[in-house]
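Chain letters run A, B, ... following the sequence lines, proteins first, then strands; residues in each count from 1.
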Amino acid sequence: MTLVKNQLADLVKQAIQNAQATGALPPFDLPEVFIERPQKKEWGDFATSLPLKLARDAKRAPLQIAQVIAAHFPPSDAVARVEPSAPGFVNIVLNDAWVARQVDAILAEGARFGDLTPARREKIQVEYVSVNPTGPMHVGSGRNGAIGDTLANILVAAGHDVQREFYINDNGTQVRQFGASLFATYAQALGKDEPVPEGGYQGAYVVEMGKQYAQQYGDQYLQMPRAQAVRELGRLGIDSVLASLRATLEQMNVRFDRWFSERSLHESGQFAGVLKRLQDRGLVFEKDGATWFAAQALGEEKDAVLIRSPQVVAEPDERPTYLASDVAYVWDKLAVRQFDRAIYIWGADHHGDVPRVIAAARALGLDPARITILLYQFVTLRRGEQVVKMSKRTGEFVTLDELIDEVGADAVRFMLITRAADTPMDFDLDLAVKQSDENPVYYVQYAHARIASILKKAAEAGATGDGGDVTRLTHPAELELIRAMLRLPEMVELAASKLEPHHLPHYAIDLAGIFHAFYKQCRVVSSDPADAEITRARLKLVAAAKLTLARTLNLMGVRAPESM
RNA sequence: GCCCCCGUAGCUCAAUAGGACAGAGCACCUGCCUUCUAAGCAGUCGGUUGCGAGUUCGAGUCUCGCCGGGGGCGCCA
């Protein structure tokens, strides 16, 4: 479907060219025409402030330019009126009959309504969550997953080839540390006096896991060399944590195409190859026994360590830093797997790492414009006035699972994507639970369920929308509903181009509200034979509305229930 | 000290590339269920967009300074 606003932009362009041809406007280069949605209904369905921007080049007063554009506007069956408006807007009002006919167009598109055809179909990777697999997820990672998965859905709708990936941090010190903590709780479960090491993982879940391993494997890990037991328990622990992360994420409808192991970057020699490339470009040096990336040579503030020195870290496989993996990973994404774009969803606490990854990409000869690192701000968890501090090391936090249990997966996911990513979120658990009944997500889902109920009632009465004449839809509430549905493709375009999923839930609330108002004013299923035609038309209308709501909910990863 | 993000109604947040009189939900108050789901509808109340300058025809949005909150500046992960 071509976006209405793109068609209108073309018409505005033609109007200006027509005016220039007749001499009503002087010649000048046409800037890109932006069509916007005005805030007030009186200002029409669409508007452009182009005359205000054109005033200088056209050497005319803005309002006069608006008048000229309106007077030279080419005829279109979609447009009823074009009105100049002070101080220099052109307001465009759609033709109601054309609007009504879009119901048939929407129904024809079916579940694909909202899909776009991009100017260029790109191969895009979205990498999200990627939380350390050493414990349960907290709400922050939930925000990551909700944003990433929704964004991936949006990019698919926008016509791109999207791959969803979870990067598993299964390399280096933390695996051993996690393993050492598990070894301790495991040994404790078998009656040994074995304290959890300094800086180890302390949570109750570590104790739980230790007990479970003791039950499952007996004392076999006490029989082998300690270092081996620690390593094996570490990997075992990561695998079982990953399985539970996956279960939690699936509850929220967050899914992945691939789980990518950090360790594989080192085992496959990928990192070694990338290091060689950097060395060939003279961007690697040795200092104090460590191997450094010469980021300063690329304009960064500081150089950064790629491989720690043996004096500091004894185990060879624990020497590569996070940056080392990040450098190999970005190479893998853009050069090996050849994604056109790689989108990373990171917590704001990693913002300091952004310049180094970008610098590394440049150093490897990759175009940094292909990389987007989307930072989302922290979620502050409160219970009333009290801030809930979270730390995986101390094991003190509210898990995402607990939150989902209390509030529900749909509500959690909806709340987490409703705020713009760069807005720090305040999440009051008391309020969230209290308000879960009145959460906007239920308002939207309720609209969908209501339509399902109407269609069920209609089916029972033997009424269908087949052959309905949608041009009978002339009630203001009907037309407003159709106009609202027509905004879905624009929302997809907006959210995809700006990588801002939060527009979707706001649109959903809007659309649901307009449906509820329609529902109050216009009865769909009527037993009066005189209403047969309007009933048919309205059944088409609500079918289209149901489809539009369902699509919007699906894009957000939220269920569209048939009943509530 | 330096760097990044944020500050909008009592609360949680929107505001599409700088556009028109800054909008929703929650909370509060007033009405509305004999007909398709009242998890609903209609309405009331609520603002010096943290403060002060600047750029612009036009600033919540851009620039500078200040105030407040969060985060980051390791051979941690």
Could you tell me whether [X] contacts a base, only the sugar-phosphate backbone, or nothing, with contacts defined as non-hydrogen atoms closer than 4.0 Å?
X: A/Ser526; answer: nothing
X: A/Asn91; answer: base
X: A/Glu562; answer: base
X: A/Tyr446; answer: base

Query raised in the report: Do the ring planes of A/Tyr329 and A/Tyr344 sit parallel (below 30°), tilted (30 to 60°) or perpendicular (above 60°)?
Result: perpendicular
Can you tell which of [options] lies closest to the side chain of [X]?
X: A/Trp43; options: B/A20, B/C75, B/U16; answer: B/A20
X: A/Asp422; options: B/A77, B/G19, B/C5; answer: B/C5
X: A/Arg523; options: B/A38, B/C36, B/C13; answer: B/C36
X: A/Val312; options: B/A39, B/C75, B/A77; answer: B/C75
X: A/Pro440; options: B/G40, B/C75, B/G25; answer: B/G25

So, is [X] near the phosphate of [N], with a side-chain N or O under 4.0 Å from OP1 or OP2?
X: A/Gln377; N: B/C5; result: no
X: A/His502; N: B/A15; result: yes
X: A/Arg56; N: B/C57; result: yes
X: A/Tyr519; N: B/A38; result: yes
X: A/Thr423; N: B/U12; result: no
X: A/Lys53; N: B/G58; result: no

**Report entry** Side-chain donor-acceptor pair present, A/Glu500, A/His503, cut-off under 3.5 Å
**Finding:** yes
Report task. Represent RNA chain B in dot-bracket notation, 5' to 3'. Only Watson-Crick or G-U wobble pairs with both distances under 3.5 Å count; pseudoknot-style crossings use [ ] and interstrand partners use |. Result -> (((((((..((((.....[...))))..((((.......))))......(((((..]....))))))))))))....
Report task. Ignoring hydrogens and angles, answer whether the base of B/G72 and the side-chain atoms of A/His351 contain a donor-acceptor pair closer than 3.5 Å. Result -> no
